[in-house]
Amino acid sequence: MHVAVGVILDSIGQVLVARRAEQQHLGGLWEFPGGKLEPGETVHTALCRELKEELDIEVEHSRPLCRIEHNYPGKAVLLDVWIVDRFKGTPRGIEHQPLRWLPTAQLDPAEFPQANRLIIRRLQLSDRLAIIDLPAANINLPPQLPVTDVLLRLRCWQKDQYSAYLTAVRQTIQAWGDNSPGIILDLSAASLAGNGFVSEELCQLPGLKGLHVHGGLLQTLSERPVPEHLLLGVSCHDQHELELAAKVDADYALLSPVKATATHPDVRPLGWDRFQSLAQHSTVPVYALGGMQASDLITAHSHGGRGIAGIRLFNCDTMR
Ligand SMILES: Nc1nc2c([nH]c(=O)n2[C@@H]2O[C@H](COP(=O)(O)OP(=O)(O)OP(=O)(O)O)[C@@H](O)[C@H]2O)c(=O)[nH]1
Ligand SMILES: [Mg+2]
């Protein structure tokens with residue numbers, strides 16, 4: 001069963017949820033509004049129709065977030081999840097379903113159908129992902145805070161520096177204190193226990209929001225190596241790697257290089273057209289990486305991307 005699902009956002013980033021009627025499948029749970037595709041409909045057409053029928057709003061702007069396949073007892077669903085960030089009208093529960101606007105951080109997975117857990121986790125990511133090298137860069141790291149809608153990925157370049165990197169991470173998080181932004185760390189083979197899962201010690205790091213897999217490590221994973229509450233990111237360069245990302249239930253993929261970059265002058269950039277076709281086929285949300293400038297966020301969105309990521313993109317001044 002193919003379902004169009006709308007994550008409807010208001011201007012302050014709150015999301016609209018509705019309660020399913022008791023007699024429906026998964027009745028009494030909260031959901032993102034939407035419904036089944038009718039024969040001949042595209043996902044977008046179905047999304048617009050369902051949101052008109054259920055909420056009396058007109059979709060003005062929407063973009064894909066992710067696709068989720070899930071098997072309920074006796075029912076297999078494919079949820080095609082779109083973010084609706086502009087619409088006309090005020091949502092009303094046309095089918096008398098209760099509605100609520102909630103900040104994404106307050107969505108409680110236990111109140112939603114099982115398949116929604118992935119959506120909720122992926123909604124904790126912002127449009128922009130700043131990449132900072134540690135420990136090399138920590139000397140100049142601002143004691144002041146990055147703006148909160150930037151998720152920082154603290155990157156380690158050299159395998160043999162991994163423990164120095166973790167020390168630098170701890171110091172940095174401590175320096176930022178309570179106002180620390182969401183932090184994603186590089187995962188190294190060194191932090192995987194014998195069972196292929198991330199060591200307990202790393203998972204307990206205060207302020208940790210997720211872990212990121214890059215290089216050859218992705219090929220070696222047979223399942224998602226991190227616990228449910230943490231985000232998992234991966235670095236990808238082609239369709240094969242995006243498929244591996246989907247296999248380990250990654251929450252986002254960085255696809256690079258989209259544009260030419262000074263760090264990899266010898267690598268041919270993908271360009272936006274190729275980025276779009278890869279992003280469209282990916283069930284995992286894709287961020288554009290490589291030569292990104294702040295203004296590229298709109299381009300990334302219009303090419304099916306979840307957002308942009310960059311190393312120099314968010315320098316310390318703009319993050320203050
Ligand atoms: N709309 C929606 N459906 C979801 C979500 N999560 C989830 O597992 N589903 C499943 O997707 C399936 C189809 O959704 P639906 O019941 O809204 O379809 P519909 O609006 O066409 O319903 P109808 O048959 O009452 O007209 C249901 O089995 C539902 O349990 C969600 O967040 N939103
Ligand atoms: Mg519905």
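Counting starts at 1 for both ligands and their atoms, in listed order.
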How does Leu79 reach ligand 1, if at all, at less than 4.0 Å between non-hydrogen atoms: by side chain, backbone, both, or neither?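 It is the side chain that touches ligand 1; the backbone stays farther off.
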
Those atoms of ligand 1 less than 4.0 Å from some heavy atom in [X]:
X     : result
Glu50 : 20 (O), 21 (O)
Met1  : 12 (C), 13 (C)
Phe32 : 1 (N), 2 (C), 31 (C), 32 (O), 33 (N)

Under 4.0 angstrom from atom 26 (O) of ligand 1, is there any protein heavy atom?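 For atom 26 (O) of ligand 1 the answer is no, since every protein heavy atom stays at 4.0 Å or beyond.
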
Mind checking the [atom1]-[atom2] spacing from [X] to [Y]? Nearest 0.5 Å is all I need.
X      : Y      : atom1 : atom2 : value
Asp249 : Arg224 : CG    : CZ    : 6.5 Å
Asp127 : Ile83  : CG    : CD1   : 7.0 Å
Gln124 : Arg122 : CD    : CZ    : 12.5 Å
Glu111 : Arg100 : CD    : CZ    : 5.5 Å
Gln114 : Ile68  : CD    : CD1   : 11.0 Å
His301 : Asp296 : NE2   : CG    : 11.5 Å

Please determine if Pro113 has a nitrogen or oxygen closer than 3.5 Å to a nitrogen or oxygen of ligand 1.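 The answer is no, given that Pro113 and ligand 1 share no N or O pair closer than 3.5 Å.
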
Decide whether the shortest distance between a heavy atom of Tyr72 and an atom of ligand 1 is less than 4.0 Å.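 Judged by the 4.0 Å heavy-atom criterion, Tyr72 does count as contacting ligand 1.
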
Would you call the rings of Tyr162 and Tyr165 parallel, tilted or perpendicular, taking 30° and 60° as the class edges?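 Judged by the thresholds at 30° and 60°, the geometry between Tyr162 and Tyr165 is tilted.
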
Going by the angle between their ring planes, with limits at 30° and 60°, are His44 and Trp82 parallel, tilted or perpendicular?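 Because their plane-to-plane angle lies in the 30° to 60° range, the rings of His44 and Trp82 count as tilted.
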
What N/O/S atom of Glu54 gets nearest to the Mg ion (ligand 2)?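 Nearest N/O/S atom of Glu54: OE2.
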
Provide, to 0.1 Å, the distance between [atom] and the closest protein heavy atom, together with that atom's residue and name.
atom                    : value
atom 17 (O) of ligand 1 : Gly34 O, 3.1 Å
atom 11 (O) of ligand 1 : Val3 CG2, 3.6 Å
atom 6 (N) of ligand 1  : Asn116 OD1, 2.7 Å

Heteroatom test (N, O or S) for Glu50 near the Mg ion (ligand 2), limit 2.8 Å: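 No, since none of the N, O or S atoms of Glu50 sits under 2.8 Å from the Mg ion (ligand 2).
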
Are any N, O or S atoms from Arg20 nearer to the Mg ion (ligand 2) than 2.8 Å?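 Under 2.8 Å: Arg20 has no N, O or S contact with the Mg ion (ligand 2).
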
Which option out of [options] puts a heavy atom nearest to [atom]?
atom                    : options                    : result
atom 2 (C) of ligand 1  : His70, Glu31, Gln24        : Glu31
atom 21 (O) of ligand 1 : Glu54, Glu53, Lys36        : Lys36
atom 30 (O) of ligand 1 : Val17, Val7, Leu26         : Leu26
atom 16 (O) of ligand 1 : His25, Arg20, Lys75, Arg49 : Arg20

Between Glu41 and Arg49, is the closest basic N to carboxylate O distance under 4.0 Å?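 Result for this pair is yes, salt bridge flagged.
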
Going by heavy atoms in the side chains, are Asp80 and Leu37 under 4.5 Å from each other?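 Asp80 vs Leu37: side chains apart.
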
When you look at Thr167 and Arg170, which way does the side chain to side chain donor-acceptor pair (under 3.5 Å) test go after all the steps? CA-CA 5 Å; Thr167 306; Arg170 284 199 170 84; 5.5 Å; no

